[in-house]
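Please read these numbers as outputs of a predicted model, since none were measured by experiment.
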Amino acid sequence: MATYSNIAETSSCVRDVRPPVTNHVPSIWGDTFSNYSSFHDQEREKYEEAVEALKEEARDMLMATATPLNQIILIDTIERLGLAYLFETEIEHKLQHIKHDDGDLLHHSDLFTTALGFRLLRQHRHHISCDVFNKFVNEDGMFEEGVEGMLSLYEAAHVRFNDEKILQEAADFTKRYLSSREVELESHLRDRVKRALQRPLHRDNPIVYARIFISIYEKDPSRNELLLKLAKHNFNFLQNLYRKELSQLSRWWNEFDMKSKLPYARDRVVEAYVWGVGYHYEPQHSYVRIGIAKGILLIGIMDDTYDNYATINEAQLFTEILDRWKMDEVDRLPEYMRTVYRFIMSTCQDYERDALKLGKAFATPYLKETVQQLGRAYNQELKWVMGRQLPPFEDYVKNSEITSAIYIMFATIIPGFKSLTQETIDWMKSEPKIAVSSGLVGRYLDDIGSHERESKGGQMLTAVDCYMKQHGVTKQEALSKFAQLYEEEWMDLNKEWIETAFVSTEITIQFLNYARMIDASYSDNNGDAYTDPQMGKSTVVALFIDPILT
């Protein structure tokens, strides 16, 4: 086999060069999640009964709350504690009332109330103008102070659109303000500020945040004991449900024995399932969580095959056979690629059976199409990288929209939603702006977080190199530009979240949660929590191992 140093000699040699292979660390979880006992079932049932006993009392409290301010504080607390799915109808009823019948609330309240109401209404897909903040800007262009108000404004600033200058200024101002005051605050407020500065609430993984917030809220002197108790029981109920799903997924994954058959690929079943929980944490969405996890494992195997092992010639052959979708051609592939191809076919056959059973047979052709589309995009990227022929950055970005995997991940969950139809798939095929922005949020942050790993010590070209060459800038300037593009796509995503209200929230939330998971996976120290399991270890322990003391 030719080595990478031979690449520049002749283009024909390049096609048989294997890229420098990254040896990924093994899974750190062993058999931790493979077994699920009847004890866990009993625990889950116990917590479920406790949730049922408490939620009616909490619902009565929510509906009886009189003033608009107390209503939005209560709604915000419920959502932060991970309880929103229990009261969806009641919350929407209250917010509709606040928007239409208490319209003056945002115009005639203090900064804390205005910012909180603004954020909640936008997060629930209501059109609200940022002009409600004009009255808080003084002659120096500064906002009123006070930590609670500043924190509320900081969180509101992260649901802004690209053209909302006042909220951009608010985001910058409040970040400086809160950073300077953090150390002097009381414990519970300091913890809230610290988490917000690390990851704004709107961009946080809802169930991960709930796990953290329960501990923060417990120290709050003004806490509601009923909600706190309900949140603890609810989290422990969900944790036992997640463990059951993870054990099923682990057994399915272990049957393929990929870690011995494909040693170049990442063995990340637990990390894949974290994405499933990030997409939909609510108990009724078991199929979605497992579907996302299986989809990510499939994507990971394809990514590592194209990016970390295949030659151009092998990848081209694999892509052509994948495009024809025929098992009778599998023997033309190298042995390792036969394993990959059979895994793809087996996973898609399972999906087809599920789709048929759930009345979503129309979804199967779309899944197949997105798998093939992803293969072609990975193949194109490999040719660019191995051939050291950088395309125009715009072409790279267009291809990256596909390699973000936003379309294939959407396809994997279709059977799990009653409201999803062929018309929804047709809409998705039109590449709606909400999907594109979500995918590019992922792509830009991925490029920032995985640049060092993917460059393999400078041997391989990346999107950062592509931008540097085209624009004649340094690596740091390119990374800064990617960070700016990432922020702009987030703001476009915020706008599309509201503009795409003709598609049900249970469908469009996927795009918001994809971006949130990207933020959680790549923001910390420019790393990659899927590739480096140590980065995501604390999240796994908090979600799936350590219960909350009740």
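Remark: Leu493 CG to Ile498 CD1 distance equals 10.5 Å, nearest 0.5 Å. Between the NZ atom of Lys360 and the OH atom of Tyr366 there is a distance of 15.0 Å, given to the nearest 0.5 Å. Note that CE of Met428 is 6.0 Å distant from CD1 of Ile406, once rounded to the nearest 0.5 Å. Interatomic distance, Leu262 CG to Asp257 CG, rounded to the nearest 0.5 Å: 9.5 Å. The distance from atom CE of Met409 to atom CH2 of Trp275, rounded to the nearest 0.5 Å, is 5.0 Å. Here the straight-line distance linking atom CG of Asp465 with atom CZ of Phe393 works out to 11.5 Å at 0.5 Å rounding.
Looking only at distances, no side-chain donor or acceptor of Arg443 sits under 3.5 Å from a matching main-chain atom of Ser400. Checked by atom type and distance alone, the side chain of Arg268 pairs as donor or acceptor with a backbone atom of Thr531 at under 3.5 Å.
Here the shortest heavy-atom pairing between Gly536 and Ala529 reads N-CB, 4.1 Å. Among all heavy-atom pairs drawn from Val14 and Ile312, the shortest one is CG1-CD1, 3.7 Å. The shortest heavy-atom contact between Tyr281 and Tyr242 is O-OH, 2.6 Å.
Side chains of Glu314 and Tyr336: a donor-acceptor N/O pair is present below 3.5 angstrom, by distance only. The closest side-chain donor-acceptor pair between Asp446 and Tyr522 falls under 3.5 angstrom. Side-chain atoms of Ser250 and Ser247 form no donor-acceptor pair, as typed in the model, at a separation below 3.5 Å. With no hydrogens or angles considered, a side-chain donor-acceptor pair links Glu394 and Gln470 at under 3.5 Å. Residues His126 and Glu92 bring a donor and an acceptor atom of their side chains to less than 3.5 Å of each other. Between the side chains of Arg18 and Tyr264, not a single donor N or O lies within less than 3.5 Å of an accepting N or O. Defined by atom type and a distance below 3.5 Å, a donor-acceptor pair is missing between the side-chain atoms of Asn240 and Tyr36.
Among Arg289, Arg251, Arg44, the one residue that satisfies the salt bridge (Lys or Arg N to Asp or Glu O under 4.0 Å) test with Glu245 is Arg289. Evaluated for a ring pair (Phe, Tyr, Trp, His ring centres under 6.0 Å) with Trp384, the options Tyr306, Tyr396, Tyr378 yield exactly one hit, Tyr396.
Among residues two or more places apart in sequence or in another chain, the salt bridge (charged side-chain N to carboxylate O under 4.0 Å, His left out) test is passed with Asp307 by none. When the side-chain contact (heavy atoms from CB on, under 4.5 Å) test is applied to Glu401, the partners found at least two apart in sequence or on another chain are Lys398, Tyr407, Glu431, Val436.
Outside the 6.0 Å centre-distance limit, the rings of His285 and Tyr85 are not counted as a close aromatic pair. The aromatic ring centroids of His158 and Trp490 lie 6.0 Å or more from each other. In this structure, Phe410 has its ring center under 6.0 Å from that of Phe511.
Within a 6.0 Å radius of NZ in Lys537, no more than 12 heavy atoms belonging to other residues, nucleotides or ligands are found.
Two residues are said to be in side-chain contact when any heavy atoms from C-beta on lie closer than 4.5 Å; Thr370 and Leu374 fail this criterion. The shortest distance between side-chain heavy atoms of Leu512 and His202 falls below 4.5 Å.
Ring pair Tyr279/Tyr514 is perpendicular by interplanar angle, where above 60° counts as perpendicular and below 30° as parallel.
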* Evaluation steps, ring-ring contact (aromatic ring centres under 6.0 Å, His included), between Phe544 and Tyr273 -> CA-CA 10 Å; Phe544 310 138; Tyr273 181 72; 5.4 Å; yes

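Within the structure, the salt bridge (charged side-chain N to carboxylate O under 4.0 Å, His left out) test picks out the following pairs touching residues 492-517 (sequence neighbours left out): Lys433-Asp492.
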